[in-house]
2 protein chains.
Amino acid sequence: MSGVPVPTIKYYLREGLLPAGVLTSPNQAHYDDEHLRRLRLVRALVDVGGLSIAAVREVLGAIDTRGDSLHNKLGAVQEAISEPGSVELNPLAVEDVRAFFERQGERKCVDVTESNVTHMLASALSAARSVGHDHFHELLDPYLEGLKIIAQADLEYIARRGSSDDVIEGMVVGTLIGDAVIKAVRRLAHAQVSRDVIGDGSDD
Amino acid sequence: MSGVPVPTIKYYLREGLLPAGVLTSPNQAHYDDEHLRRLRLVRALVDVGGLSIAAVREVLGAIDTRGDSLHNKLGAVQEAISEPGSVELNPLAVEDVRAFFERQGERKCVDVTESNVTHMLASALSAARSVGHDHFHELLDPYLEGLKIIAQADLEYIARRGSSDDVIEGMVVGTLIGDAVIKAVRRLAHAQVSRDVIGDGSDD
DNA sequence: CAGAATGGATAGCGGAACTCTCCGCTATCG
DNA sequence: CGATAGCGGAGAGTTCCGCTATCCATTCTG
């Protein structure tokens with residue numbers, strides 16, 4: 001039904017990404033719509049989000065955990081879907097991040113390695129500096145401006161969902177698929193700019 | 001000097017990601033700043049952009065190609081840094097993309113598989129539908145609105161660069177590092193929204 | 001001059017994500 | 001009824017990728 005190869009499903013079962021089916025006999029089990037839904041979620045996280053199997057397990061764990069506040073759950077999920085970034089941090093880049101937070105009136109983020117997200121940001125800015133883009137951090141403010149519009153739309157989209165669980169799942173899906181969509185649309189925008197400004201014709 | 005292990009550099013040389021040094025004797029070669037710069041670029045593409053070695057080779061090839069218009073080069077580079085997406089396309093999602101293009105007054109994109117970028121977009125929307133997010137495509141317009149601001153900033157940033165080659169390289173670096181930065185900042189915006197709207201305290 | 005390092009080439013390693021194989025049993029079709 | 005295809009479960013095997021390790025003759029370094 002899902003189009004996923006049977007051995008792959010067996011593998012996911014073993015890895016704990018899917019709950020076991022209800023055994024109706026020693027070698028027959030029943031799987032319902034919830035299994036199918038979960039399987040599709042796993043595939044979406046892997047294919048579109050590029051998450052590792054381990055990260056998917058973490059995310060699912062956070063989704064399934066009960067008895068934590070919505071905000072905390074969202075935080076846990078966000079950490080799970082954010083890779084820290086493997087670049088050695090440049091102190092100047094760390095300072096860029098700190099200054100950015102200060103401009104935005106954030107009192108937090110004394111330590112950039114505290115969260116995967118801030119580490120990711122510092123890591124990206126470090127990489128920029130390592131290839132000679134020392135002023136890349138100046139893009140942070142315009143980026144934030146654009147992303148506020150996007151985050152607002154995300155919020156309204158999420159708010160339409162029903163239960164708290166749906167919100168969490170919607171957050172995960174919306175964030176990861178949103179990342180992919182944003183990536184693609186930004187490239188389209190670049191191509192359009194390239195056509196309009198440079199022209200697709202003769203001059204170089 | 002780069003901090004990259006010697007055997008890794010040898011590997012990159014073999015893979016054609018770095019040009020050979022100038023031999024001063026049978027087992028001694030000279031590497032200049034250009035080599036170092038190229039090496040750092042490769043690491044940035046791999047670490048921050050998450051590109052495979054093969055994709056890096058493609059990108060470098062496009063950067064180094066001479067005798068093509070800037071616009072075409074940018075197009076080639078953009079294809080190289082955009083993974084097509086491995087999700088089976090949903091016709092409804094393809095239609096979402098088509099409608100989006102029509103709304104934006106684009107006459108192109110009769111075929112969504114024509115470019116990695118449009119394929120990526122259709123792939124992401126297909127994944128959204130497969131997990132029950134049938135209205136995700138409604139986010140395309142607000143996303144574009146936010147991304148226009150971002151693309152404008154990108155353009156101004158790139159325009160400050162000198163030669164045509166610098167523009168290409170700046171485009172690659174700016175796009176990939178920009179992706180990472182955008183991802184991180186969007187998550188920060190989400191966290192902020194989560195704090196403000198839901199509150200980080202007691203209620204669920 | 002000893003010892004370390006170099007360019008170049010080949011082979012091997014470790015992790016990740018499947019995929020294969022085997023087993024005994026069971027659903028299904030004609 | 002019998003033949004055949006398929007299942008659940010578990011271990012082992014495969015493939016790919018990005019490095020590492022080893023080796024060699026030569027050459028730089030202290």
Side-chain angles (χ1 to χ4, degrees), chain A residues 1-32 34-36 38-61 80-88 123 127 176, chain B residues 1-32 34-36 38-61 80-81 83-88 127 176:
Chain A
M1 284 170 71
S2 63
V4 178
V6 174
T8 302
I9 297 177
K10 287 181 169 188
Y11 169 66
Y12 289 164
L13 283 165
R14 258 177 291 153
E15 292 294 316
L17 304 188
L18 300 174
V22 180
L23 282 177
T24 57
S25 55
N27 71 331
Q28 300 296 127
H30 177 70
Y31 301 97
D32 58 14
E34 198 48 45
H35 283 90
L36 186 55
R38 175 55 62 98
L39 176 55
R40 289 208 227 270
L41 175 60
V42 169
R43 293 305 292 201
L45 298 184
V46 169
D47 290 342
V48 180
L51 297 194
S52 67
I53 299 300
V56 172
R57 190 163 33 225
E58 249 183 276
V59 171
L60 296 179
I81 62 181
S82 307
E83 298 283 311
S86 55
V87 179
E88 201 185 341
S123 186
L176 290 175
Chain B
M1 284 169 72
S2 63
V4 178
V6 174
T8 302
I9 296 176
K10 287 182 169 188
Y11 169 66
Y12 290 163
L13 284 165
R14 257 178 290 146
E15 292 295 317
L17 304 187
L18 299 173
V22 180
L23 282 176
T24 57
S25 54
N27 72 331
Q28 300 296 125
H30 177 69
Y31 301 97
D32 58 15
E34 198 48 44
H35 283 89
L36 186 55
R38 176 53 62 96
L39 176 55
R40 289 207 228 269
L41 175 60
V42 170
R43 294 304 294 202
L45 297 184
V46 169
D47 290 341
V48 180
L51 296 194
S52 67
I53 299 300
V56 171
R57 189 163 36 224
E58 250 183 276
V59 171
L60 297 179
I81 61 180
E83 298 283 311
S86 55
V87 179
E88 200 184 341
L176 290 174

With side chain to side chain contact (heavy atoms under 4.5 Å, CB included) as the criterion, how do B:Tyr31 and B:Leu13 come out once you've worked through the C-alpha distance, each side chain's angles and the decisive distance to 0.1 Å?
CA-CA 12 Å; B:Tyr31 301 97; B:Leu13 284 165; 3.9 Å; yes
A:Leu13 atom CG is separated from D:dG9 atom C1', nearest whole Å, by 10 Å
To the nearest 0.5 Å, atom CG of B:Asp47 lies from atom CD of A:Glu88 at 11.0 Å
Let me know, please, whether A:Arg43 or A:Thr24 comes out on the 5' side of the other along DNA chain C by nearest nucleotide.
A:Arg43
What is the separation between atom NZ on A:Lys10 and atom C1' on D:dG11, rounded to the nearest whole Å?
12 Å
Heavy atoms from other residues, nucleotides or ligands near CD of A:Glu15 exceed 12 (cutoff 6.0 Å)
yes
Within the structure provided, determine whether A:Val48 and A:Leu176 are in side-chain contact (heavy-atom separation under 4.5 Å).
no
Would you check if B:Ser25 and B:Asn27 make a side-chain contact, meaning some heavy-atom pair closer than 4.5 Å?
yes
Within residues 47-58 of chain B, which residues have any heavy atom lying less than 4.0 Å from an atom of DNA chain D?
B:Ser52, B:Ile53
Could you tell me which non-hydrogen atom of B:Leu60 sits nearest to which non-hydrogen atom of B:Val42, and how far apart they are?
CD1-CG2, 4.0 Å
For the side chain of A:Arg14 and the base of D:dG8, is some donor closer than 3.5 Å to an acceptor across the two?
no
Earlier contact from the 5' end, DNA chain C, for A:Ser25 and B:Leu23
B:Leu23
Given atom CD1 of A:Ile9 and atom P of D:dG9, what is their separation to the nearest angstrom?
13 Å
Which part of the nucleic acid, if any, lies within contact of A:Pro26, taking any heavy atom under 4.0 Å across all strands shown: a base, the sugar-phosphate backbone alone, or nothing?
sugar-phosphate
Start and end of chain B contact along DNA chain C [non-hydrogen atoms, under 4.0 Å]
C:dT6 to C:dA11
Please determine, by modelled atom types, if A:Arg43 and A:Tyr12 share a side-chain donor-acceptor pair under 3.5 angstrom.
yes
CD/B:Glu83 to OG/B:Ser52 distance, rounded to the nearest 0.5 angstrom?
6.0 Å
